[in-house]
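Note that the numbering runs from 1 along the sequence shown for the chain. Order of appearance sets the numbers: ligands from 1, and atoms from 1 within every ligand.
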Amino acid sequence: MSRVIQWLAELIELPSVNPAFAEPGDPVAGEQRVAAYVQDRARAAGLETELQPVTEDRANVLVRMRPPGRVRHRVVFAPHMDTVSVTSADQLRARRKGDRLTGRGACDTKASLAAMLWVLVEAARHGRYPRQTEVILAALVDEEYGQAGSRRLARDRLRVDLAIVGEPTRLRVVTAHKGSLWLRLVAEGRAAHGATPWMGRNAITALMRAILVLESEYVPGLGEHRHPLLGPPTLSVGRVGGGRQPNVVPEEAWAEMDRRLVPGENALRVLREIRSLLRRHALPVRVEPLTKATCPPLETDPSHPWVRMFLEILQQREPAGAHYFCDAAILSAGGMPAVVFGPGDVAQAHTRDEWVSVRQVERACAQLGRWLERLP
Ligand SMILES: [Zn+2]
């Protein structure tokens with residue numbers, strides 16, 4: 001096993017479940033073990049490290065590779081350290097079979113973290129520092145939930161030429177991804193005895209009508225906003241509930257929806273569109289944003305010189321798009337041109353037997369290494 005794959009296996013075996021997906025006090029929760037690992041490896045190679053507090057007990061790790069002279073450019077590697085939940089103990093064991101390394105976080109996104117850390121440490125060990133470019137590895141907390149880590153990093157308004165966010169892209173440079181807006185629809189009715197429904201107003205049927213209106217009159221129009229790399233925006237209803245018991249006309253019913261946005265759309269305008277459509281149908285339904293899991297879309301200009309240089313090194317003609325959202329949009333909104341790049345396929349992320357291709361991880365190291373060598 002090559003050293004970087006050994007590191008990846010060790011990272012998989014350090015649990016870092018996002019605390020939002022664990023019970024309080026659960027020993028697998030939190031990024032601190034991975035953070036300590038990153039710091040140890042970096043320090044051993046003579047790199048400066050620093051904890052950037054995000055909440056009371058969670059912190060991003062910043063590893064800095066400073067050029068010998070003045071800093072004229074800056075690039076950031078930004079993988080996250082947290083994972084989704086573990087449902088069995090064997091997910092915390094790294095298992096190798098042929099080209100596959102299996103375990104929680106293997107692909108999302110400890111493979112990117114291992115590769116990015118590895119190339120920095122290798123370059124430092126061999127004294128291959130860029131002359132004018134500061135390279136920062138920002139290992140972030142909380143990507144899988146509220147993205148508090150990238151929000152904290154973006155707040156510093158650091159001048160950055162390019163941020164490479166580590167997520168599984170099958171080693172493609174991704175310059176655009178969709179944003180996400182979660183919505184809650186609440187229908188209001190009037191309770192009555194189930195034997196005399198005409199005395200009440202049924203919130204469930206009002207809600208059903210609202211959902212059907214959205215499906216038949218709103219969703220088809222989304223095609224007009226089609227994005228060349230991402231396709232059209234989408235709307236999907238994910239949860240519904242309401243009512244108390246069969247013989248009571250329900251006075252409240254609710255639904256939760258996931259609206260994915262393409263670049264150029266914004267959450268406020270989307271809310272307004274949906275509200276005005278439901279109003280036109282005189283439906284007694286309120287629409288509210290659910291604050292969690294709201295992320296703007298990402299669109300970074302592929303002709304940006306540092307993006308072009310990265311595409312060239314990867315010998316990739318056209319940039320790619322991704323359907324999932326990630327920290328890249330948050331960093332980009334904070335003024336850093338950002339792309340997404342990393343080994344692994346998102347089809348394996350969050351699955352029970354999450355795995356990553358060992359060969360892809362090694363190729364990622366070679367590609368990122370070549371990128372470092374090209375930096376001024
Ligand atoms: Zn991820």
For the Zn ion (ligand 1), decide whether [X] has an N, O or S atom at a distance under 2.8 Å.
| X | value |
| --- | --- |
| C326 | no |
| D108 | yes |
| E167 | yes |

Between F341 and Q316, is there a side-chain heavy-atom distance shorter than 4.5 Å?
no
Which heavy-atom pair separates E31 from S16 by the least distance, and what is that distance?
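Nearest pair, atom of E31 first, then S16: CA-CB, 4.0 Å.
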Tell me whether the guanidinium CZ or amine NZ of R3 lies under 6.0 angstrom from the six-membered ring centre of W118 and within 45° of its axis.
no
Any sub-3.5 Å donor-acceptor pair from T109's side-chain atoms to P79's backbone N or O?
no
